[in-house]
Amino acid sequence: MAFPHKEIEKKWQNYWETEKTFRTDREDTAKSKFYVLDMFPYPSGSGIHVGHPLGYTATDVIARMKRMQGYHVLHPMGWDAFGLPAEQYALDTNEHPGTFTEANVKIFRRQLKSLGFSYDWDREINTTDPNYYKWTQWIFLQLYKHGLAYVDEVPVNWCPALGTVLANEEVIDGVSERGGHPVERRPMKQWILKITAYADRLLEDLEEIDWPESIKEMQRNWIGRSEGAEATFTVADQADETIKVFTTRPDTLFGATYMVLAPEHELVEKITTAAEREKVDEYKKAVSLKSDLERTELTKEKSGVFTGAYAINPVNDEKIPIWIADYVLITYGTGAVMAVPAHDDRDYEFAKAFDLPIREVVSGGNIAEAAYIDDGVHVNSDFLNGLHNEKAIEKVIEWLEENNVGRRETSYRLRDWLFSRQRYWGEPIPIIHWEDGSMSAVDESELPLMLPDVGEFKPPGNGESPLANATDWLEVTDPATGMKGRRETNTMPQWAGSCWYFLRFIDPHNDEALADWEKMKYWLPVDLYLGGAEHAVLHLLYARFWHKFLYDIGVVPTKEPFQKLYNQGMILGENHEKMSKSKGNVINPDDILESHGADTLRLYEMFMGPLDAAVAWSENGLDGARRFLDRVWRLLVTEDGQLTSAISDSEGADHKLWSTYYQTVKKVGDDFEHLRFNTGISQMMVFINAANKEETIPRGAAEGFVKMLSPVAPHVAEELWTILGHTSSMTYEPWPTYDESYLVEDEVEVVLQVNGKVRSKMQMSKEATKEKMEEVALADEKIAANIEGKTIQKVIAVPGKLVNIVAN
RNA sequence: GCGGGUGUGGCGGAAUCGGCAGACGCGCUAGAUUUAGGAUCUAGUGUCUUACGACGUGUGGGUUCAAGUCCCACCGCCCGCACCA
């Protein structure tokens, strides 16, 4: 008989809810804590997909196991509910995005509850709740007060289709990450957060956290720290104008044969000669019209024009021409480079295209064919001649510093974080611009600064957000001075709310602080944080930045928020392709819950393969998971719902099943701990296969098994626990333990090899000496047959494992 | 191009330290049972071979008594970055 999943699931979900089984209600310092967190979802209109239960089940298994192991577990859930789809809905319908969001949250909450996750729902939070975003705004004000939030007129990624600017991180290959619309550069006044002030610490502290190496590497690359030197060139015949360049290869200064400025560089105007002005202006205009995509196109030929001006190389007073070219980026370093075509691929390509001189200063390559970028002995370099790269770099930096024409310098690829969005559905930035041109922060006592109701969700079209439509809200008068002012109309990006939500879960109803210090001290850092790899550099870098800032101002007790991070993989469609509506290979979890049940879905997703792998969905595999649960059920429960008579209270310690049982306890605990759910589950299958072959099953083994099953299939397990005669939830029952002595077998099977090939096997004491093993092996018939007529060269005996006889 | 990862049956995947390759599941084959089965139970299932046996973890080399595991070179696939000076 198959177990009645619908009935059981409903029963236990109601029980957990009414009993508040999973409520975490105090910080008990006598107990070890475990904070296990999922990346909270954006509640989209389409409900959850099968990818959500993958990560959420994994954390739920850990949470449930840790509770049984006596830990105090914090396992919360909430909603990252500001965002573009709701804004788009508001534009389409002119209804408040909050209405849409609330409806979606309801669907998500129902779906997650129907999967049986053991969240403490009393801690549910929503980033769009004013009681929540009050503290998001509060953190912004702290950043502002510490000079880490500032306004600047910067070239931004303006997306006409979305009517907003985007962060660099939101622009992929020149189009918007959301929607794939073209993006152009346009100067605008924007709020910017000074994440670059934390670049070194964000980089260095990666060493302290247990994250996948690939994610750490992506963050390192994103921060892009490079060490080198800044060198100062003067402009020929304009002694008061200098051009600073950043280079990681100051040792090649003697090989600089020209210089290149980014077309947007401020000096271009000043130095361009009358003869070249027309061409320069033309080039600058052409570049400004190009999108980032066109500018970075790989296949593109190098382009550029000569400015007519010359620079003086500080090391040898040589006069070199100054060009402008779009391969030099205004956003990196100083926006200017010294070009050393002999030892840089890009400069080499440019020099070849425009027939500029190429001078070798590091020997070892063939500069007639390609740039040589590796190590070598320096030549044509005056005081650097004869040195290798590393020594030459040190020496030239010393020289630059002594002669006051440069210094050691570190550059970063990381840019400051563009923090404003011209949208309605986000946290208002709590700043007032006064008519005298000054600006001030909204007083903390006035937080939250609520999102006003607006009649019109369409942006006014001048680059401002729809908040500019809310006149009553917008215009303020200082009661003390009577000065008039206007509120900031930009809102925060979606990343803001998710930068600190893990702190709010610790103390979600606190009115005095974002969370109580002692509670944070108890719960932080997050012990396990699980989510998709797509957040590698966005959310995870921003959250670390805010956390470090909050640490510096004494608001949080730890340097890093997430001690251990893990990325779940992706579930592909049955055809091994990414699930998408257009391909028609989407699996809807609601359908699976109906046909197979939550426990089957949970079990299947955990059994599919390693948690971090991309694995294809398989309907047959899902059926197999259900069959396993049915088999467990039949083993313990009769047709009429009673405990089967095979469960025996009178079996002694000599019952055959104990050995398999203890192996299972060891392996399941170990595998789950390390997130190897697929192998842990396979061991549970081994146990059930073995139990099915026995006439009787000791009650202790049956109960221990049900406990191990419960994190993965909690509804079935609770029901079996009841049938086994218990009257309340098994949530806090102690996790099974094992006795090492049952795992150590005295007699083991030893493999007998001849020349490395297995020829025979034999039962032998684990303690047998090498001599004894050799003796027994040589006495074996098959071995004897195999070495007949051969001379024994050597015998290798590994106690408890094998004997290998080398003979020829 | 650079960085990271990965390659094992028909499929998903196992294999702590170098020590029996293919656990577990799916699929498949045969049988039992059943009015019936996409249910259940039993047996089998890497390839070649009648058998003995041989071969077998992307390819080619190497180290070792012994290699999926270590070393060298190459090939394929996946992910990230991509003119960052």
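Throughout, protein chains are lettered first and strands after them, A, B, ... in sequence-line order, and every chain is numbered starting at 1.
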Same-atom distance ([atom1]) from [N] to [M], integer angstrom:
{"N": "B:G46", "M": "B:U63", "atom1": "C1'", "value": "28 Å"}
{"N": "B:G58", "M": "B:G7", "atom1": "C1'", "value": "6 Å"}
{"N": "B:A21", "M": "B:A14", "atom1": "C1'", "value": "10 Å"}
{"N": "B:G68", "M": "B:G18", "atom1": "P", "value": "13 Å"}
{"N": "B:U40", "M": "B:C79", "atom1": "P", "value": "38 Å"}
{"N": "B:U45", "M": "B:U64", "atom1": "C1'", "value": "34 Å"}
{"N": "B:G5", "M": "B:C11", "atom1": "C1'", "value": "23 Å"}
{"N": "B:C70", "M": "B:U57", "atom1": "P", "value": "15 Å"}

Between [N] atom [atom2] and [X] atom [atom1], what is the distance in whole Å?
{"X": "A:L572", "N": "B:C77", "atom1": "CG", "atom2": "C1'", "answer": "14 Å"}
{"X": "A:E349", "N": "B:A85", "atom1": "CD", "atom2": "P", "answer": "17 Å"}
{"X": "A:I805", "N": "B:C65", "atom1": "CD1", "atom2": "C1'", "answer": "11 Å"}
{"X": "A:E213", "N": "B:G80", "atom1": "CD", "atom2": "C1'", "answer": "14 Å"}
{"X": "A:D612", "N": "B:G13", "atom1": "CG", "atom2": "C1'", "answer": "13 Å"}
{"X": "A:Q219", "N": "B:C81", "atom1": "CD", "atom2": "P", "answer": "13 Å"}
{"X": "A:I324", "N": "B:C83", "atom1": "CD1", "atom2": "C1'", "answer": "16 Å"}
{"X": "A:Y327", "N": "B:A82", "atom1": "OH", "atom2": "C1'", "answer": "17 Å"}

Closest to the side chain of A:P610, out of B:C65, B:U40, B:G13, is B:G13
Any ion pair linking [Y] and [X] (charged N to carboxylate O, less than 4.0 Å)?
{"X": "A:E619", "Y": "A:R626", "value": "no"}
{"X": "A:E349", "Y": "A:K352", "value": "no"}
{"X": "A:E264", "Y": "A:K284", "value": "no"}
{"X": "A:E318", "Y": "A:R359", "value": "yes"}

Nearest-nucleotide comparison on RNA chain B, the residue closer to the 5′ end among A:H596 and A:T331: A:H596
Does B:G27 sit syn or anti, given that only angles within 90° of 0 count as syn? anti
Would you classify B:C26 as syn or anti? Syn applies when the glycosidic angle is within 90° of 0. anti
Both conditions, 6.0 Å and 45 degrees, for the charged tip of A:R544 above the ring of A:W222: are they met here? no
[X] (side chain) donor-acceptor with [Y] (main chain) under 3.5 angstrom:
{"X": "A:K216", "Y": "A:I209", "answer": "yes"}
{"X": "A:D347", "Y": "A:V340", "answer": "yes"}
{"X": "A:D416", "Y": "A:I195", "answer": "yes"}
{"X": "A:R225", "Y": "A:L203", "answer": "no"}
{"X": "A:Y738", "Y": "A:Y661", "answer": "no"}

Do the ring planes of A:F3 and A:H5 sit parallel (below 30°), tilted (30 to 60°) or perpendicular (above 60°)? perpendicular
Touch check for A:S226, heavy atoms < 4.0 angstrom, all strands: base, sugar-phosphate only, or nothing? sugar-phosphate
Using a 4.0 Å heavy-atom cut-off across all strands, classify A:R626 as base, sugar-phosphate, or nothing. nothing
A correct dot-bracket answer for RNA chain B, with pairs being Watson-Crick or G-U at under 3.5 Å, [ ] for crossing pairs and | for inter-strand pairs, is (((((((..(((......[....)))((((((.......))))))(((....)))..(((((..]....))))))))))))....
Can you check whether A:R413 has a side-chain N or O nearer than 4.0 Å to OP1 or OP2 of B:A85? no
Would you give a per-nucleotide map of nucleotides 18-30 of chain B, 5' to 3', where B means the base has a protein non-hydrogen atom under 4.0 Å away, S means only the sugar-phosphate does, and - means neither? -BB--BBSSS---
